[in-house]
Amino acid sequence: MSELALPARVALVGNPNSGKTALFNALTGSRQKVANYPGVTVERKEGAVVTPAGLTVRLIDLPGTYSLRARSLDEIVTRDIVLGRLAGEDVPGLLVCVADATNLRLALRLVLELKRVGRPMIFALNMFDIARHRGFEIDLDRLSAELGVPVVASVAVRRGGTRDLLARIDEVISERGLPPGLVATEGTWSEPNAAELRATQRQADRILDAAVKMPGRPDSFTRRVDRVVLHPVLGLVILLVILFLMFQAVFTWAQAPMDLIKSGFAGLGAWAGVVLPEGWLLSFVRDGVISGLGSVLVFLPQILTLFFFILLLEDFGYMARAAFLMDRIMGGAGLHGRAFIPLLSSFACAIPGIMATRVIASRRGRLATILVAPLMTCSARIPVYTLIIAAFVPARTVLGWFSLQGLVMFGLYAVGIASALGMSWALNRLLWRSDPSDPFMLELPDYKRPVLKNVALGLLQRGQIFLHRAGTTIFSMMVVIWVLCSVPPAPMGATEPAIDYSLAARIGQAMEPVLRPVGFNWQIDVALVPGMAAREVAVAALGTVYAIEGAADNPAELGRTLTAHWSLATALALLAWYVFAPQCASTLAVVRRETNSWKWTAFLFSYMLGLAYLAAFVTYHAAVAFGAG
Amino acid sequence: MDFGPEDMPVAAGSASNDGTTPGAQALGSAPVGFKGRIRAVGVAADDHGLTAAEIERRLIELGFVEGARVEVLHQGLFGRDPIAVRVNEATIALRRREGAAILVEPDGG
């Protein structure tokens, strides 16, 4: 029995929408750890649970799948863990196959396929309460006898709803004496062909007929909601309204916590100024570490607000509908319907957006989405846009009641979206010259009441992932950029701001001849270098270059200075530049990681840079031609 | 959760005319409201850079197998694409292009 001292490994497998993650949350609570699988960027969720018999079990939540015949990155992880092929991962001693009790047909086929792997298995019928309420009569004993595996009912969202499952885990472990790590075995599993899939489904259908009595009518709530929400015209209008409300919330709800984070970091910086002596250490701590972290963390409230809505709508079952509604529109640009959520996330920040592309099965579909996601207007562009718009675009109304400033802002967003779609189209038609549209096949789950606990846990995980990234990749970028901006230090008796003597200034001045044709002066060029850390840092950098105390906190004052130094043409050219410019080192780092290719990262950087230059050039010269020079 | 009474029409197969033999057609060209059963699933050609066999397997894995009950519930605005199809107890979204590989026969007749 000595091997039982080590915790047994139990893996949760199941169809998408089976409530598997809800069950995982119910079993492990907040005792879960989210990381990545080594070498791949698929999220790995593990948690510990103590069974009634006092055994500690390590539970792992595998990405949802219909078959072990994996297609997407997510599904490959599921297959490799179940088969014990994934290097560095323990082989699970017990599989728990989770199914939505109201939608068993496809799950039964998966169970039959999993049985061939030859590992101990429990079949958990989740959402059993809903099934009973809707009139399903499920004979658990018959099901168990037909399948040859233990079957339990579970209700993830109710206290005590996992009792039977835990008891059964205990039973299986004490019966079989599971060693914590079994050897890799594929049993008699092999990738099924179409004929085998059909035969297995027929067997599953027979078992379903024998053990389950279905209610005569389907879920009428889902049907009635869908009749409105999936209406060809009304459905799109509703989607637009939801998106509009979401953005309203992102920009209004997030404002107070953002201000709090900003002033918190400003206070921290001031405190550092008091406790540390003037010198490079203070500069590093205050201008590098504190303001660097602050400039990234300030986006956390917006990212969390956006993900709150995405997770809520996902839990309700709406997100698959959004993909359905958007599929044709995005398909015209060569994007997959599933690219909708990643691109939506990119409005907050391209980083979570790019990470969310993992659900797209085809490599090209995923790559196209990654390559255009940074064109969506992320919230880091907003401080730059608002600074320039407030300073250069007159605050007056046009066409009766549209604010001109608002229209310009809207125009910048629209250009971002249009260029993302256009770029994807160009990639598919010009570069790849093939029909790229991966078949769009997606289950639209029945609507469910969202569970706040699941949304909260999901949100917590998004936050952790973002903070982890801010603490590693983004932070190291910040340090590099601080070095560029502070080395070498200003000479004694310098009259200009210190940044004018730094490497960043030299880079900026070296760029000046290249950027003069688009109307940029060297001060802008210098500000673009720290802007690589995060776009909005350019605002603070402009303030530094123009040597205005506290300009970053007081855009109105900086705006006045800019109107004195720049022509309208220069300002508009800078706006156009910012729509496209690859001005974010951390996005590039994430693209490198997710595509696992320097080539595509370099491609992204160069095409965005090229577009930025072209857009700024055209804007500048058009504006000069209209007398705005 | 209580979602109130069902208000769907009960009559099936009202679309087909009396006296005519119900002919099989592709699910990909079926109108919204179509109800029937799958007679055959057979992908004719490679597409999307995937082999015909692979597309067929993906369809089967989502429940599109011979004998399954289908009902076309919704369609998109542009080109009436994609479609949402009730397949037994599940609802699956797919494009009409993939639906062309699924041969269905209407109820009643």
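Side chains included, hydrogens not; waters and symmetry mates left out as well; all remaining heavy atoms used. Reminder, nothing fancy here: chain letters follow the sequence lines and each chain counts from 1.
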### Query
Roughly how far, to the nearest 0.5 Å, is CD1 of Ile83(B) from CG of Leu230(A)?
12.5 Å

### Minimum heavy-atom distance Leu444(A)-Ala84(B), with the two atoms named
CD1-CB, 3.8 Å

### Query
Do Arg95(B) and Pro439(A) touch side chain to side chain, with heavy atoms closer than 4.5 Å?
no

### Query
Going by heavy atoms in the side chains, are Phe440(A) and Leu94(B) under 4.5 Å from each other?
no

### Query
Looking at CD1 of Ile60(B) and CG of Leu106(A), how far apart are the two atoms once the value is rounded to the nearest 0.5 Å?
12.0 Å

### Message
side-chain contact (heavy atoms from CB on, under 4.5 Å) for Arg321(A) and His74(B)? Distances and angles first, verdict last.
### Response
CA-CA 11 Å; Arg321(A) 269 88 181 167; His74(B) 309 281; over 6 Å; no

#### Entry: Short N-O contact, Arg86(B) and Asp446(A), less than 4.0 angstrom
yes

### Message
So for Val41(B), is it side chain, backbone, both, or neither that comes closer than 4.5 Å to the heavy atoms of chain A?
### Response
both

### Message
Out of Met214(A), His231(A), Met441(A), Glu443(A), return the one with the most heavy atom pairs under 4.5 angstrom to chain B.
### Response
Met441(A)

### Task
Output the distance between atom CG (Leu325(A)) and atom CG (Leu77(B)), rounded to the nearest 0.5 Å.
9.5 Å

### Summary
So CG of Asp226(A) and CG of Leu73(B): to nearest 0.5 Å the spacing works out to 7.5 Å

### salt bridge (charged side-chain N to carboxylate O under 4.0 Å, His left out) between Glu196(A) and Arg57(B), intermediate numbers included
CA-CA 10 Å; Glu196(A) 287 162 337; Arg57(B) 286 194 287 185; over 6 Å; no

### Task
May I ask you to name which of Val65(B), Ile55(B), Asp81(B) has the most heavy-atom pairs under 4.5 Å with chain A?
Asp81(B)

### Task
Pick one of side chain, backbone, both or neither for Leu208(A), based on which atoms fall under 4.5 Å of a heavy atom in chain B.
side chain

### Message
Between Leu236(A) and Phe78(B), does the side-chain contact (heavy atoms from CB on, under 4.5 Å) criterion hold? Intermediate values first, please.
### Response
CA-CA 11 Å; Leu236(A) 283 172; Phe78(B) 305 101; 4.2 Å; yes

### Task
Determine whether more than 12 heavy atoms belonging to other residues, nucleotides or ligands lie under 6.0 Å from atom CZ of Arg96(B).
yes

## Note on the structure
From the list Leu197(A), Leu110(A), Asp205(A), the residue making the most non-hydrogen contacts under 4.5 Å with chain B is Leu197(A)

### Task
Could you check Gln201(A), Arg202(A), Arg198(A) and say which one makes a side chain to side chain donor-acceptor pair (under 3.5 Å) with Glu66(B)?
Arg198(A)

### Task
Please look at Thr102(A) and chain B and tell me whether the side chain, the backbone, both or neither of the residue comes under 4.5 angstrom of a heavy atom of that chain.
backbone

## Note on the structure
Arg223(A) and Glu71(B) have their tightest heavy-atom pair at NH2-OE1, 3.0 Å

### Query
Looking at side-chain heavy atoms only, is the closest gap between Leu442(A) and Ile92(B) below 4.5 Å?
no

### Task
Measure Glu61(B) against the heavy atoms of chain A and call it side chain, backbone, both or neither at under 4.5 Å.
both

